[in-house]
Number of protein chains: 2
Amino acid sequence: MRALSWPNQSVKGQVTATIHQMITCSAPGKVYLFGEHAVVYGQPAIACAVERRVFTSVKLLASGEITVSAMGKIQNCHSTEFRYICQAVQTFKKRTKNDFGAEITIKSELPPSQGLGSSAAVTVSTIKALSECLGIGLRDQEIAGMGHQVEHAIQGRASPADTFVSATGGVVFIEGTKTSHLMHPDVPIIIGATGITRSTGDVINSVARMKRDYPEIINNIMSTIGDITRLGERKLIGGDINNVGELMNINQGLLESIGVGDIMLDKLIYRARDEGALGAKMTGAGRGGCMFAIAREGNVNAIAEALAREGAQVFITAFSNAGLRVE
Amino acid sequence: MRALSWPNQSVKGQVTATIHQMITCSAPGKVYLFGEHAVVYGQPAIACAVERRVFTSVKLLASGEITVSAMGKIQNCHSTEFRYICQAVQTFKKRTKNDFGAEITIKSELPPSQGLGSSAAVTVSTIKALSECLGIGLRDQEIAGMGHQVEHAIQGRASPADTFVSATGGVVFIEGTKTSHLMHPDVPIIIGATGITRSTGDVINSVARMKRDYPEIINNIMSTIGDITRLGERKLIGGDINNVGELMNINQGLLESIGVGDIMLDKLIYRARDEGALGAKMTGAGRGGCMFAIAREGNVNAIAEALAREGAQVFITAFSNAGLRVE
């Protein structure tokens, strides 16, 4: 690994045109409209970027030290905090054969560990910001791939969808290694975060255990979730948003059946439906984390208020076509 | 229809050996261990009699008037109350070509309209008590068939399983017109009644609408419920009560997916599971009514107390081998 010559140039004030001392990049969070868990078993899923972002600012330094400032803390990468960011830096250094120091500052509109893809967003926005600073110009899809390596190194297993959606934005149909972007529906999203944190790995392992114990039944459920995703894709293309909502509701029941539900999520989901949501479901691994609803404009405030009364942290947002962005 | 000669004999005090002036019969309520709703679409179900009963006392009278005393009210059959009892009397009279008067008194351990089969129990216990009074000696299966006619006349459509299970007791595997009794599991049942009443017809119609709109998906879900019922049968036979409980939980999610869930039911179901239930699900049409849990003896009180704290009416009971019974 060669040391980057830039920091010395910086000291001398001789920055080249393609290298920037400081860059802020952002990446969106996401929700699963359909198919989480089933995607682990080869079924398709539809994940959607949302207009809540993680902003990563990178300031290149002369020294090789990496410091990370986030959530009111400042740590270097010898600590066990900020693992995604530090792993992203290491992966980036290895891939680009560069060495450098940096001050990395994170500002997030996403609650962490609540199934909204904040780890994917922080990972890809860190890689993007490093790439932009160093003038390397990695493509977003390449960043998504590096981001997936980072998540895989930390989690043991990870869906490539998470970093792909955060990097490229939009509504993404994922099946195996195939991904395609769909038009996003023009409806508001109301997200309710329970604040309950569970280990994604534990939840995935418990589903795997059920699949071993009841293979035919769980396989049927996974394949029905796959059918919902495929029909959901057609309904999205046709603009049949009422059907999209109802398919979300059916998908939610199937997630309950594989044991990843949670009573706080259910309370929020039922409240949202009672207040006129077109559809409401959990997103991500489950047993906590977030639910979200889609709704007509006129119902948004009533839904948001109802979720807040149930004790959720509430975000009113929208589907986002924008993935990684230089701010 | 010939008038029964007995009332005159009664006036003269010349009662024959086979005719009784007053008889009390009882019939049990039931829960669906697996398969409600799917049974409407030709899938199998397992319904179980429980040790909570309806007691029907019939006192034959000289006059042709029928009076019914139940839930603190006394009405004749010209009123619109007590429809199942009055329809049962009418069906019985027609089938047996007898006419008679009677005072019918109902005492019930089952909350009405909560999905525990109180209408089936009151219907078959009324027919049984009439049959015993008149010395006709209808077999329980014949009473179940007449009871089904009564339910069909009132509800428009009805599952023959309801009156069959109440009449014959036990744990009954039902598939189309085929029924077979299984050994019942020796575990306590904790029932939680929400007190919420919904029209069974409306709930069944809403499932039928979803099946029209999403035929492939809903058919898959129904057939997966059928698979759960068949596997549940094998686990019951094998005495694998932990698996029976987990299959109940999977079935519950699938019921949620077809839109028959309810948040009060969910709260009770999650509380029961949190307190150590082996399995917990709703029973019957849903959107209210009852849930039940099966549990090891040591967890029963904690579950019952937790359900009561959530506002449910709670019954601790057991599976019952006894169907219709002369008291």
Side-chain angles (χ1 to χ4, degrees), chain A residues 34 37 206-207 209-211 213-232 234-235 240 242-244 246-274 279-282 286-287 306 310, chain B residues 34 37 206-207 209-211 213-232 234-235 240 242-244 246-274 279-282 286-287 306 310:
Chain A
F34 306 111
H37 284 291
S206 92
V207 175
R209 197 272 306 158
M210 285 182 76
K211 191 164 172 296
D213 287 355
Y214 312 104
E216 188 185 357
I217 289 163
I218 303 299
N219 282 339
N220 282 349
I221 292 170
M222 294 303 183
S223 109
T224 305
I225 295 176
D227 291 340
I228 289 171
T229 301
R230 287 184 201 94
L231 184 57
R234 294 202 293 279
K235 298 297 182 185
D240 302 327
N242 288 345
N243 289 142
V244 169
E246 194 154 30
L247 289 168
M248 285 170 60
N249 293 343
I250 301 174
N251 194 157
Q252 169 61 24
L254 298 181
L255 289 165
E256 292 271 348
S257 77
I258 59 172
V260 302
D262 169 83
I263 188 59
M264 176 68 174
L265 283 172
D266 271 6
K267 285 181 193 172
L268 302 178
I269 286 166
Y270 273 93
R271 290 299 294 131
R273 291 178 188 162
D274 287 348
K281 68 184 275 292
M282 49 171 273
R287 297 230 186 114
E310 290 284 343
Chain B
F34 306 112
H37 284 290
S206 93
V207 175
R209 196 272 305 158
M210 285 182 76
K211 192 164 171 296
D213 287 355
Y214 313 103
E216 190 185 355
I217 289 162
I218 303 298
N219 282 339
N220 283 349
I221 292 170
M222 294 302 181
S223 108
T224 304
I225 294 176
D227 291 340
I228 289 170
T229 302
R230 286 185 204 92
L231 184 57
R234 294 203 292 278
K235 298 296 182 185
D240 302 328
N242 288 345
N243 290 141
V244 170
E246 194 155 31
L247 289 168
M248 285 170 59
N249 294 344
I250 301 174
N251 195 158
Q252 171 60 26
L254 298 182
L255 288 165
E256 292 271 348
S257 77
I258 58 171
V260 302
D262 168 84
I263 187 58
M264 176 69 175
L265 284 172
D266 272 6
K267 285 181 192 172
L268 301 178
I269 287 165
Y270 273 93
R271 290 300 292 131
R273 292 178 189 161
D274 287 348
K281 68 183 275 293
M282 48 171 272
R287 298 233 185 112
E310 289 285 344

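A note on names: the letters A, B, ... follow the listed sequences, proteins ahead of strands, and every chain is numbered from 1. Being a predicted model, the structure only gives us computed values, none of them experimental.
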Contact class of [X] relative to chain B, heavy atoms under 4.5 angstrom:
| X | result |
| --- | --- |
| Leu231(A) | side chain |
| Gln252(A) | neither |
| Asp262(A) | backbone |

Using side-chain contact (heavy atoms from CB on, under 4.5 Å), reason through Ile217(B) and Leu247(A) one step at a time and then give a plain yes or no. CA-CA 10 Å; Ile217(B) 289 162; Leu247(A) 289 168; 3.9 Å; yes
In terms of heavy-atom pairs under 4.5 Å with chain B, which of Arg273(A), Lys267(A), Glu246(A), Glu256(A) leads? Glu246(A)
Could you pull out the closest heavy-atom pair between Ile250(B) and Ser257(A), with the gap in Å? O-CB, 3.4 Å
When heavy-atom pairs shorter than 4.5 Å are enumerated against chain A, which of Asn220(B), Asp213(B), Asp266(B) gives the highest number? Asp266(B)
At a 4.5 Å cut-off on heavy atoms, which part of Leu255(B) comes close to chain A: side chain, backbone, both, or neither? neither
Do Leu254(A) and Ile221(B) pass the side-chain contact (heavy atoms from CB on, under 4.5 Å) test, and can you show the C-alpha distance, the side-chain angles, and the key distance before you say yes or no? CA-CA 9 Å; Leu254(A) 298 181; Ile221(B) 292 170; 4.1 Å; yes
Taking non-hydrogen atoms and a cut-off under 4.5 angstrom, which of residues 222-230 of chain B neighbour chain A? Thr224(B), Asp227(B), Ile228(B)
